Visitor: 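Have a look at this one.
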Amino acid sequence: MAPPSDLREWISLLEREGELVRVSAEVDPYLEVTEIVDRTVKAGGPALLFENPKSKHSLFVNQFGTERRMCLALGVDSLDDAAAKLESVLEMQPPQGLAEKVKGLKKLKSIADSMPKTVRGGPVKELVLQHDEVDLDLLPIQHCWPGDPAPFITLPAVITHDPKTGTRNVGMYRMQKLDSKSTAMHWQLHKDGRMDYLAADGRLDVAVALGLDPVTTYSASAPLPKHIDEFMLAGFLKGEPVELVKGTTVDVEVPANAEIVLEGYVEQGDETLEGPFGDHTGYYSAAEPFPVFHVTAMTMRSDAIYPSIVVGRPPAEDAWLGKATERIFLPAIRMSVPEIVDYDLPVAGAFHNCVIVSIRKSFPGQPQKVMHAIWGLGLLSLTKSVVVVDEHVNVHDYEEVFFRVTANVDPKRDVLLSEGPLDHLDHAPTRQFYGGKIGIDATHKGLVEGTREWPAEIVMSDEIQTLVDRRWAEYGFGAEAQDGNGASKRSLRQLLRR
Ligand SMILES: Cc1cc2nc3c(=O)[nH]c(=O)nc-3n(C[C@H](O)[C@H](O)[C@H](O)COP(=O)(O)O)c2cc1C
Ligand SMILES: [Mn+2]
């Protein structure tokens, strides 16, 4: 099924799938909504459309809060299917024969069709408020946590252009409301949006789209290289181009189907103290200077729906945005580090604190090579700890990873301490932005690596496994045959906890 083409279609789809609850009771965007959403997310509950958030406009939240909804958003059965689509293009080879040529052309067409398309108008221009008419108070912007100083716009797609090359960038950066006509712009140190700002000679035009189709919203959070337009990724994943319309007061094109667009500018040297903010790290990120975004126009659908997301101590709704990125970017990561079989970014690690990676090892030092590769790869370079396991280890099974780390590691030999850039939001290092890194090599070692002979793993023979599978019912346990060799961990876990 094709992904929904705008927010309205997305909401209808969620409703049809039993994935949406409309809340007609009046709720306060000051803290109350956060508590409701936090409970809902942690219970694996539905998306919520608050129809009375003390505002004329509805507040839509928890659209991405479960794996199923993330898949519905991308129009796939599993997140790996979205990755496979990208992989088939990345791994294109010169075609052999006519059938392959036709297939190749189709793939090339899917790339060509990903380019955003300019259209003449769209529902986002139903209402155009300019200059003095701009009023952010119209929107039910959430004040998320008790220690936040103000409401924050939390699910925006912020659009800028590189002042030198003209390349577009779309990123998701929270925006603290300063007054009815301005916000802060939380462009962290390593982000593309900040680069555009720093490269500007004076003013930089900025447009902020709110309430998009879910693929385009997701794409704003995707860590693409700076020269790649996130709207292209959105077009590729959607299978149809993002439609853009000219800005009313800025030289930036904006999504024609958005619910709301804020247009305006930032200016060199015009900064304000932003934060603190109850962040996705589970802690308040400290107040720091960030650019002020002056809103020159607010264009919207007349009954615009305002989208939001609540982050906080993981797991929160952003977990599935992160997991989508983890899956979708695996093929691209493998292009540079081909020995990588799989990887996992634990949600509890807030995405920059830990990566578990499985590799096909064929030479000594390869786990350390992979650690350094990760520490040199895009935003993954900010990763604080890397755990490397062998190809047959399931990186998504943290109990198995724990087993390998404790069983296979000689801490003196297999722990690599390094240092380098750290995430803007990492509060642990003594100095902000820079500090220690740890790599743990939990792979099997062998004589070639100077260890004693490595013991064999305990595995039952195929023959006996098949025999027991076949005879299982005969033994009188009733249930379906269980997997052997510890693979039925869940039932074992249940037994141990009894
Ligand atoms: C809900 C959510 C909120 C985010 N808030 C911020 C933020 O305030 N500042 C920031 O720099 N990155 C934030 N990010 C991460 C960026 O969106 C992400 O790193 C993205 O790759 C940035 O785009 P860019 O690489 O084009 O700069 C957020 C991500 C999500 C999912
Ligand atoms: Mn970017």
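Both ligands and their constituent atoms are indexed starting at 1 by order of listing. As the structure is a computational prediction, the values presented were derived from the model and not from experiment.
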Visitor: Is E243 paired with K117 through a side-chain N to carboxylate O contact shorter than 4.0 Å?
Guide: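 Yes, this pair counts.
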Visitor: When you check ligand 1 against the protein, what N or O pairs turn up below 3.5 Å? List the atom names and distances, or just say none.
Guide:
unit_1: ligand 1; atom_1: 8 (O); unit_2: R174; atom_2: N; d: 2.9
unit_1: ligand 1; atom_1: 8 (O); unit_2: H186; atom_2: ND1; d: 2.8
unit_1: ligand 1; atom_1: 9 (N); unit_2: H186; atom_2: O; d: 2.7
unit_1: ligand 1; atom_1: 9 (N); unit_2: H186; atom_2: ND1; d: 3.1
unit_1: ligand 1; atom_1: 9 (N); unit_2: Q188; atom_2: OE1; d: 3.2
unit_1: ligand 1; atom_1: 11 (O); unit_2: H186; atom_2: O; d: 3.4
unit_1: ligand 1; atom_1: 11 (O); unit_2: Q188; atom_2: N; d: 3.1
unit_1: ligand 1; atom_1: 11 (O); unit_2: K191; atom_2: NZ; d: 3.2
unit_1: ligand 1; atom_1: 12 (N); unit_2: K191; atom_2: NZ; d: 2.9
unit_1: ligand 1; atom_1: 14 (N); unit_2: M172; atom_2: O; d: 3.1
unit_1: ligand 1; atom_1: 17 (O); unit_2: M172; atom_2: N; d: 3.4
unit_1: ligand 1; atom_1: 17 (O); unit_2: M172; atom_2: O; d: 2.7
unit_1: ligand 1; atom_1: 19 (O); unit_2: K191; atom_2: NZ; d: 3.0
unit_1: ligand 1; atom_1: 21 (O); unit_2: A222; atom_2: O; d: 3.3
unit_1: ligand 1; atom_1: 23 (O); unit_2: Y173; atom_2: OH; d: 3.4
unit_1: ligand 1; atom_1: 25 (O); unit_2: D192; atom_2: OD2; d: 3.4
unit_1: ligand 1; atom_1: 26 (O); unit_2: N169; atom_2: OD1; d: 2.9
unit_1: ligand 1; atom_1: 26 (O); unit_2: N169; atom_2: ND2; d: 3.0
unit_1: ligand 1; atom_1: 26 (O); unit_2: D192; atom_2: OD2; d: 3.1
unit_1: ligand 1; atom_1: 26 (O); unit_2: E230; atom_2: OE2; d: 3.0
unit_1: ligand 1; atom_1: 27 (O); unit_2: Y173; atom_2: OH; d: 2.6
unit_1: ligand 1; atom_1: 27 (O); unit_2: D192; atom_2: N; d: 2.8

Visitor: Are V158 and F293 side-chain neighbours, meaning at least one heavy-atom pair lies under 4.5 Å?
Guide: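 They are not in side-chain contact.
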Visitor: Is it true that D251 and K246 have a side-chain N and a carboxylate O under 4.0 angstrom from each other?
Guide: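 Looking at K246 together with D251, the answer is no, because their closest N to O distance does not fall below 4.0 Å.
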Visitor: For this output row, return yes or no: ring centroids of H424 and F290 closer than 6.0 angstrom.
Guide: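 Ring-ring flag for H424/F290: true, centres closer than 6.0 Å.
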Visitor: Pair D344, H396 - check side-chain hydrogen bond (donor to acceptor under 3.5 Å, both in side chains), show working.
Guide: CA-CA 6 Å; D344 184 279; H396 312 296; 2.6 Å; yes
Visitor: Assert yes or no for the condition that the ring centre distance of H427 to Y283 is strictly below 6.0 Å.
Guide: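 When the ring centroids of H427 and Y283 are compared, they turn out to be within the sub-6.0 Å range.
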Visitor: For D196, is there an ion pair with K191 - N to carboxylate O distance below 4.0 angstrom?
Guide: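 Here K191 does not pair with D196 in a salt bridge, since their nearest N and O are not under 4.0 Å apart.
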Visitor: Around the Mn ion (ligand 2), how many protein N/O/S atoms fall inside 2.8 Å?
Guide: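 That number is 3, waters not included.
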Visitor: Using ring centroids (six-membered ring only for Trp), state whether F152 and F277 fall under 6.0 Å.
Guide: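 Yes, close enough.
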Visitor: Would R168 and E230 pass as an ion pair if we require N to O under 4.0 Å?
Guide: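 So R168 does not pair with E230 through a salt bridge.
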